[in-house]
Structures are given as structure tokens and as C-alpha cells.
Amino acid sequence: MSLKKKAVVSAASAALDMIFKYFDKDPEANLVKIVEGAEKIIGDSIFPKENFAKLKAGAADPNNIYTQLAKGILNDIDRGIVKHMLLSLGVEAGYFGTKEVRANREKYDCNIPWQILIDPTSACNLKCKGCWAAEYGHHQSLSLEEMQSVISQAKDLGTHFYMFTGGEPLIRKNDIIRLCEDNPDCAFMAYTNGTLIDDAFCEEVKRVGNLAFALSIEGTEESNDFRRGEGAYKRTIEAMQTLKKHKCLFGISVCYTRKNVEYVTSEEFIDKMIALGVKYAWYFNYMPVGHTADKELIPTPAQRKMMYFWLRKMRNSATGKPIMVIDFQDDGEYVGGCIAAGRNYFHVNSAGDIEPCVFIHYSDANIRTHTVLQALQNPLFTEYRKGQPFNDNHLRPCPMLENPEKLREIVKKTGAKSTNLIMEEDVDTLCGRCDEFAYEWQPVADEIWNTTKHPITHTQYYRDHGKAKRQ
């Protein structure tokens, strides 16, 4: 770490200690001062100045849902975790990482990711309906050294945020703790079914301070266990209770389908999750990937439209709930469309294949034969970069689900190979499951896009070249 970075991190650490004292002394009166302190630490490296103005106005309003969420985090989460996460995400990833990522995009003329998803193992102790991991079994794993190599290479490019997926990543929880311990300048999050979370593990999580969780759950016990198997709901709830008891930071990961969308958006479900200690929720549109995929689980266009407006109601400071909700499909307008292939992130599967997206299992590089930078400069990621965004309507961001002709073209042009761990999946077969939805969603998406107001995408965070850079 450079002397300049050490000085900034040290100053930020001291500022956070002061902020916590302010909050504990008088939360109501000093919350605005906390936002002002955060603005000084982060500056405009992640958020525009006008965002901080809105945050300060919200902090002065006790009924604002984000004020309630901030108080909940400061009251409910271990202060060591809060501090470490703010330093890792705000200073290392936000202030320094964003600048390094942007500079390296210029230097190497390719996408450089802000975050990376890694599968420590293909193994999972559940077999969820429609999940490709259920097919894989205990076939592949990355070594601790291989995962550390990916992180070390990516840190040199400016990447300081890593997510673990799978399989069930906590099958490798000892190695995950080791990675967190050895990389204190990074933030980590694990997508997990929660079944392997116990008291001893939570104490380790507090010790390292830079690991959070997203627990998989899908509405009611009935709708959840329909996909995840009998008893999965109760075990996940028990994991939440354990995490809350230990004051660990966690949220939920929700795959919404045609069958469960009404349950995972119900007020009863959201209120229960908040009561259990959930601070954020990642929503994922079901993707028909893998040989057991069922395209009938893809939400209908009417359901996607409902999701779009439900999200905006949920995030409204007056009408929403004190929980941060993000939908990676319906929030494409905030990030300029598709963020895969290193535009903002990419995925390393348990066999070491470097894939553009956790849902798109094709690759022309492997961590055992290529460096991270070589993969970013290889034909597959290069063609992605040329095409991004794949649609001017960012409610149709994905080259597979909403623009299946785009993925067909990319895979065939680059010769990328299927990375399905059991049996190769032809791109025409995969995209064929999406054609009907893409056709039916287009007029609905266009109607929404043309009749609603959209944010000005801050493309400097996702694409620093060509047309997007000049905008």
C-alpha cells in the first residue's frame, strides 16, 4: 500500500470513529453530520454531489426510509464490520479502486471490472428446481491459491470487491475466511442458502470484518420449498436468526419466477425479512440456463412490468421500506445496460473458466491458462465490449434473455465454448428458450421506456471509451 493510500485510509478510519461517537451521543441530531463525514471520505468518486445533498435532506427526516435503514445498520450490525466494510467499499473500492479501474481501461483498452464473482466449488447441499448447480454435483473446485491469484491479479487492476457463488460457497467457508483475512483491503459477499452458518462461523466473520451475506429465499415457506426442497425455508430463517444474534451484515438473494413473484413482493414477506435483520435484497429474474431449465418459470411481461414499478415504490423515501432493494434486470437503466464481461463484473466458475456473466456459461479463457488481463482482452470479452449496451432501451439489457440474437452472434463469432460442467449447451438451444419472452417483452419494455423518466447513466463507472465516454 502506498504512503498516500495509507494516509487516506488512516484518516478515514479516524473519521469513522468520530462519526460513530456522534451517532451514539445523539442519533437524531447527528445523522446529517454523519452523511457530511461520509461525503468528505468518499467525495464524488462513487456518487455525484447531488446524491449527497439528497442524503443530507433525508437524514434530517426521521420518516425517511433511508434514515431508518442507516440507523438500523448502525444499531444492529457489529461496528467492526460496519467500519471495515465502509473502508473497503468506500475508500479501497470506491475512492481508489474506481480511479484505478478507469485508468486501466484506458491503458489496456478493454473492460476492467469493479467486482468479480467466484465459485469456490460446484458442490451444493441442495438441489433447487431450475438451478444449473443442481446438475453439477461435487465435480469441480478452485484451490485457495487459485482464488487468491485471481484476487491478487484483479487488485492490481483496481478491483476490490468479490462475491462468492456456487454451488454452495460456504462448503469452503474456512478458505473464504482466509481470503478475507489475507485481503483486508477488499470487501467480500457470499450468496448462500445459509444451512452451514453457525455460531462459530459468525464469530470468525466478525473477526475478519469484511464479509457479508445474501441468503437465498423466495417468499413463503411453500413457494420457497417448491424450488429449494422441503425444510430449506426453516433452515434459512434459522441462519438469519443466528446472523442477527451475532450482529453480522446480511441480506437476501431472491430468484423471482412466474410461480413466486407475488409472494416475494408481498408486504408480509418484506416486513418479515426486515424484522429478521435483512438490510438489502438482490432480486434476480429467473434465467433458463442448464439442461433442466424450465422456460415456463420465466416471469411474464406483465410480471416484469409489475416488478419495475414495485421496485420504484419500494425505493421511494416516503412510500418504501427500510431495506435496499436492487433488481439486476429491471435496474439496467441505472448502469447503462449489461454490465457483464468486465464492464462492471465477470464470473469465474469452479473449473476456472472465466465467463462474462454468472448466467452465461461460455468462455474462451481459464485462470489456469490465462491471466485475468488476458481474459479481458480475449475475443469473447472484446466482442461483449463492442456491443455494450446491447439495447438503447436499458429495460432490455441482457444479450441472452432480452436480446438472444446478440448472444448467438457473439458465441458463434468468437468460438467461445460451453462451460456447462456436465454437458455442453449449444447457444441456439439456450437462446431458443428466451426467444418467446424477448419477443413478448419488447413492446411492453418500449412502452415503459418511452413513457417514464430515466436517470442519466454515469457511464464513466462502466464504460470509459468511445461513444459512452463522449456522452
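Residues Ser88 and Asp185 form no side-chain contact, since every pair of their non-hydrogen atoms from C-beta on lies 4.5 Å or further apart. Within the 4.5 Å cutoff, side-chain heavy atoms of Cys202 are placed close to those of Ile197. Side-chain contact between Glu146 and Val150 is absent, with no heavy atoms from C-beta onward closer than 4.5 Å. Residues Phe201 and Asp198 form a side-chain contact, since some pair of their non-hydrogen atoms from C-beta on lies under 4.5 Å apart. Side-chain contact between Val205 and Lys247 is absent, with no heavy atoms from C-beta onward closer than 4.5 Å. For the pair Phe213 and Met189, the minimum side-chain heavy-atom distance is 4.5 Å or more. By the 4.5 Å heavy-atom criterion applied to side chains, Gln329 and Tyr256 are counted as neighbours.
Lys406 forms no cation-pi arrangement with Phe390, by the criterion of a distance under 6.0 Å to the ring centre and an angle within 45° of the ring axis. A cation-pi arrangement is absent between Arg105 and Tyr108 under the rule of less than 6.0 angstrom and at most 45 degrees off the ring axis. Geometrically, Arg396 does not engage Trp441 in a cation-pi contact, judged by NZ or CZ lying under 6.0 Å from the ring centre and within 45° of the ring axis. Relative to the ring axis of Tyr384, Arg343 does not place its NZ or CZ within 45° and under 6.0 Å from the centre. A cation-pi contact, defined as under 6.0 Å to the ring centre and within 45° of the axis, is absent between Lys295 and Phe437.
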Query raised in the report: Would Tyr280 and Trp282 count as a ring-ring contact (aromatic ring centres under 6.0 Å, His included) if you check the C-alpha gap in whole Å, the side-chain angles of each, and the deciding distance to 0.1 Å?
Result: CA-CA 7 Å; Tyr280 48 86; Trp282 308 123; 5.7 Å; yes
Query raised in the report: Could you walk me through whether Tyr308 and Glu333 pass the side chain to side chain donor-acceptor pair (under 3.5 Å) check?
Result: CA-CA 11 Å; Tyr308 178 84; Glu333 62 182 317; 3.0 Å; yes
Requested in this report: Before giving the answer on salt bridge (charged side-chain N to carboxylate O under 4.0 Å, His left out), spell out for Glu204 and Arg207 the whole-Å C-alpha distance, their side-chain angles and the decisive distance to 0.1 Å.
Outcome: CA-CA 5 Å; Glu204 283 292 276; Arg207 180 178 67 83; 2.9 Å; yes
Requested in this report: Given side chain to side chain donor-acceptor pair (under 3.5 Å), test Gln388 with Asn111 step by step and report yes or no.
Outcome: CA-CA 11 Å; Gln388 291 168 322; Asn111 283 338; 3.3 Å; yes
Query raised in the report: For Asp327 and Asn285, what are the C-alpha separation, side-chain angles and deciding distance, and is it a side chain to side chain donor-acceptor pair (under 3.5 Å)?
Result: CA-CA 8 Å; Asp327 176 354; Asn285 190 106; over 6 Å; no
Report task. Before giving the answer on side chain to side chain donor-acceptor pair (under 3.5 Å), spell out for Lys83 and Ser13 the whole-Å C-alpha distance, their side-chain angles and the decisive distance to 0.1 Å. Result -> CA-CA 7 Å; Lys83 181 177 179 179; Ser13 178; 2.8 Å; yes
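Side-chain N or O atoms of Thr242 include one that pairs as donor or acceptor with a backbone N or O of Glu238 at under 3.5 Å. Counting only distance, with no hydrogens or angles, the side chain of Ser253 and the backbone of Leu215 share no donor-acceptor pair below 3.5 Å. With hydrogens and angles ignored, the 3.5 Å screen pairs no side-chain donor or acceptor of Asn420 with any backbone N or O of Glu425.
Just one residue in the list Val9, Asn210, Asn183 forms a side chain to side chain contact (heavy atoms under 4.5 Å, CB included) with Glu92, and that residue is Val9.
Gln442 and Glu402 share no donor-acceptor pair across their side chains, judged by distance under 3.5 Å alone. At a cut-off of 3.5 Å, with distance as the only test, a side-chain donor of His347 or Asp119 sits close to an acceptor on the other residue. Side-chain contact check for Glu168 and Thr121: no donor-acceptor pair (N or O, by modelled atom type) lies under 3.5 Å. If you check the side chains of Thr159 and Gln115, you find no donor sitting under 3.5 Å from an acceptor. Between the side chains of Glu145 and Ser149, no donor N or O sits under 3.5 Å from an acceptor N or O. A donor-acceptor pair shorter than 3.5 Å can be found between the side chains of His246 and Asp199.
Using cut-offs of 30° and 60° for the angle between ring planes, the His394 and Trp449 rings count as perpendicular. Taking the six-membered ring where the residue is Trp, Trp114 and Phe161 present perpendicular rings, their angle passing 60° and hence far from 30°.
For an aromatic pair to be called close, the ring centres must be under 6.0 Å apart, and Phe164 with Phe188 satisfies this.
Within a 6.0 Å radius of CZ in Arg178, other residues, nucleotides and ligands contribute 12 heavy atoms or fewer.
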